[in-house]
Amino acid sequence: MTARTLQGFMELLPQEQIVFDHMKSVIAHTYEMFGFAPLDTPVLELADVLLSKSGGETEKQIYEFKKGDTDLAMRFDLTVPLAKYVALYNNDLTFPFKRYQIGKVYRGERPQKGRFREFYQCDIDIIDRDELNIVYDAEVLAVIYTVFNKLNLPKFKIYINNRKLLGGFLQSLDIADKTVEVLRLVDKIKKIPEEAFLGELSDLGLAEDKKQSLLKFIKINGLNDEIIAKLEELNIDNDSFVTGLAELKTVITQAQNLGLPAQNIQIDLSITRGLDYYTGTVYETFFDEYPQFGSVCSGGRYDNLSSVFMDKKFPGVGISIGLTRLFDQLRANNLLQFKELTPSKALIVPQDESLIDAAVKLAGKLRNADIAVDVMYRQCKFKKKMEYANKIGVPYLVIIGEEEAKSGLFACKDMITGEQKALNLDELIETLK
RNA sequence: GCGGAUUUAGCUCAGUUGGUUAGAGCGCUGGUUUGUGGUACCAGAUGUCGUGAGUUCGAGUCUCAUAAUCCGCCCCA
């Protein structure tokens, strides 16, 4: 039997896992800073529940199987489980309901660069009954900004748009019936040449003048305020457009009030998102110097979370960070530093068998003082012990030898500077704190 | 679902028009006098050359089949 891991499933070495987990905890902590409460739902659900909402693409990619007579499926994202959860517990939840969920999701698609069959999504959503204030859309922007800022990653930009704008614009052109197809095409504009884009619009049956006005519309650019001014100048008399513009304006204004730097937030009228359940604000996040990573955090506003499960209306806004992809791309581009192999602050090294007792006692005391320590019990040449300490990247070495046993002091060596001091217990705890 | 490529040591790869004991770097193990490392130097181990068949006196190298992996498209994080 040969040991191997399924394709599309990521496994990490300890020093990588430490960095991965660190990123995960920064994300979780940031989410909590904005008042989101944790939620965990099962990886497996009834197939009917998971497939209730979705179209053909999900059905093709979802892992589905039978156990006995029950049709089961593995969750494809965290949004459908959230919808189920809200439908199930809405009488016990307090709205606006803010939850975050960090968990693995499963998609049985062809693995490729940055595409996994099992990957972490880190979601936040704010759900309210009937109506959800638009300022939450700006808060979501602040969450995205704060997370990426704290993760200490390359320069990034959050691109924002409002689907009502393009929807209203298409209505004003009298081609609203083509909205879904046009949105999908607009979403691809950055990937395909302009002629191909126009060609595909022709295939949809759009007249020349309409194609040109659409192209002109999505190419409107400039600073956020300039774009808003240009949109206002268009003077389009359409309810959806007017609402969308007002919402976008509010989000931008509130983002400024929240203190988000202008250079990290950019209105882009060609951002539409492929998923058709978004109805208002949409977000995508890219690294300025690594556009090939794709969007590392996306989301948007939707009118109704749980329509398939219940009659009541629950509008919401949320985003998802694809942590597995993000980590994988950063690692592939050498943008992460892997140093420690251990969470320990110090490695205690008894010089020989007779000093193990002293080492065990010291380990106990240090751990009681809330200091993570490890002990090298394996007896070998001192040089080997040093090598081990080096490899696991532990910051301090505490040596227990005959001299130390006699004096009652501990030799504490800083592995980076090489500096070594004889310390008593209190001084040692102070140093390692 | 459609298309393209790759497969040689633990990892990354080299291997000339088929020719005898298949190589490098990194990593690994040991050593440079046995209480002081990360650098340097020395020595060493490791391969059914993805699998199966064929052509040939002879195949890592050519042909066919098959599998695995990777990369695009679609869709998405």
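Below, read A as the first sequence line, B as the second, and so on, with proteins coming before strands; counting in each chain starts at 1.
- Here A:Ile416 lies in heavy-atom contact (under 4.0 Å) with a base.
- A donor and an acceptor atom sit less than 3.5 Å apart, one in the side chain of A:Glu109 and one in the base of B:rA77.
- Annotation: B:rU56 and B:rU61 have their C1' atoms spaced 13 Å apart (nearest Å).
- Aromatic ring centroids of A:Phe95 and A:Phe314 lie under 6.0 Å apart.
- Taking side-chain N and O atoms only, A:Lys391 has a distance below 4.0 Å to OP1 or OP2 of B:rC28.
- Across B:rA77, B:rG35, B:rG30, the shortest atom-to-atom separation from the side chain of A:Phe116 is found for B:rA77.
- Nucleotide B:rA68 forms a pair with B:rU6, judged by Watson-Crick or G-U wobble geometry with both contacts under 3.5 Å.
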Worked verdict on A:Phe287 versus A:Phe148 for side chain to side chain contact (heavy atoms under 4.5 Å, CB included): CA-CA 10 Å; A:Phe287 291 114; A:Phe148 282 92; 4.2 Å; yes
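- Picking from B:rG38, B:rG72, B:rA77 the nucleotide with the shortest atom distance to the side chain of A:Asn390 gives B:rG38.
- Comparing B:rG35, B:rA77, B:rG37 against the side chain of A:Gln420 picks out B:rG35 as the nearest.
- Applying the 6.0 Å contact sphere to NZ of A:Lys150 captures more than 12 heavy atoms from other residues, nucleotides or ligands.
- In this structure, B:rU16 forms no base pair with any nucleotide, since neither Watson-Crick nor G-U wobble geometry is met with both distances under 3.5 Å.
- Look at the P atom in both B:rC75 and B:rU66: the space between them is 30 Å, to the nearest Å.
- Considering only side-chain N and O atoms, A:Gln7 lies under 4.0 angstrom from the phosphate OP1 or OP2 of B:rC70.
- At a threshold of 4.0 angstrom between heavy atoms, the contacts of A:Glu118 with the nucleic acid are absent.
- Rounded to whole Å, the distance from CG on A:Leu185 to C1' on B:rC75 is 14 Å.
- Taking atom C1' on both nucleotides, B:rA59 is separated from B:rG19 by 10 Å, rounded to a whole Å.
- Just one residue in the list A:Asp125, A:Ile124, A:Thr41 forms a side-chain contact (heavy atoms from CB on, under 4.5 Å) with A:Gln101, and that residue is A:Thr41.
- Side-chain atoms of A:Glu404 come within donor-acceptor range of the base of B:rG35, with a qualifying N/O pair under 3.5 Å.
- The base of B:rC76 lies close enough to the side chain of A:Arg325 for a donor and an acceptor atom to sit less than 3.5 Å apart.
- By the 6.0 Å and 45° rule, A:Lys98 stacks over the aromatic ring of A:Phe36.
- Side chain of A:Arg107, nearest nucleotide from B:rC76, B:rU36, B:rG37: B:rC76.
- Base-pair partner of B:rU33: not found among the strands shown (Watson-Crick or G-U wobble, both distances under 3.5 Å).
- The gap from the C1' atom of B:rU6 to that of B:rG27 amounts to 24 Å, rounded to the nearest Å.
- Comparing A:Arg110 and A:Gly418 against RNA chain B, the residue whose closest nucleotide sits nearer the 5' end is A:Arg110.
- Checking B:rC75, B:rG35, B:rG1 against every side-chain atom of A:Ile399, the shortest atom distance belongs to B:rG35.
- Pairing of B:rG60, defined by two Watson-Crick or G-U wobble distances under 3.5 Å, is not identified with any nucleotide.
- Here B:rG31 is the nucleotide among B:rG72, B:rG31, B:rC76 with the atom lying nearest to any side-chain atom of A:Lys384.
- At a cut-off of 3.5 angstrom, counting only N and O atoms as typed in the model, there is no donor on one side facing an acceptor on the other between the side-chain of A:Lys383 and the base of B:rU36.
- When heavy atoms are screened at a 4.0 angstrom cut-off, A:Gly294 is found touching no nucleic acid atom at all.
- Here the nucleotide nearest the side chain of A:Glu403, chosen from B:rG35, B:rC71, B:rG37, is B:rG35.
- Comparing B:rA77, B:rG72, B:rC75 by their nearest atom to the side chain of A:Lys188 picks out B:rC75.
- B:rA45 and B:rA9 have their C1' atoms separated by 11 Å, given to the nearest Å.
- Side-chain contact between A:Lys84 and A:Arg75 is absent, with no heavy atoms from C-beta onward closer than 4.5 Å.
- B:rG1 is paired with B:rC73 under the criterion used here, namely a Watson-Crick or G-U wobble arrangement in which both key atom distances are under 3.5 Å.
- Within 4.0 Å of A:Gln351, counting heavy atoms only, lies at least one base atom of the nucleic acid.
- Taking the C1' atoms as reference points, B:rU32 lies 32 Å from B:rA22, given to the whole Å.
- Taking the P atom of each, B:rC62 and B:rU46 are spaced 28 Å apart, rounded to whole Å.
- A distance below 6.0 Å separates the ring centres of A:Phe20 and A:Tyr120.
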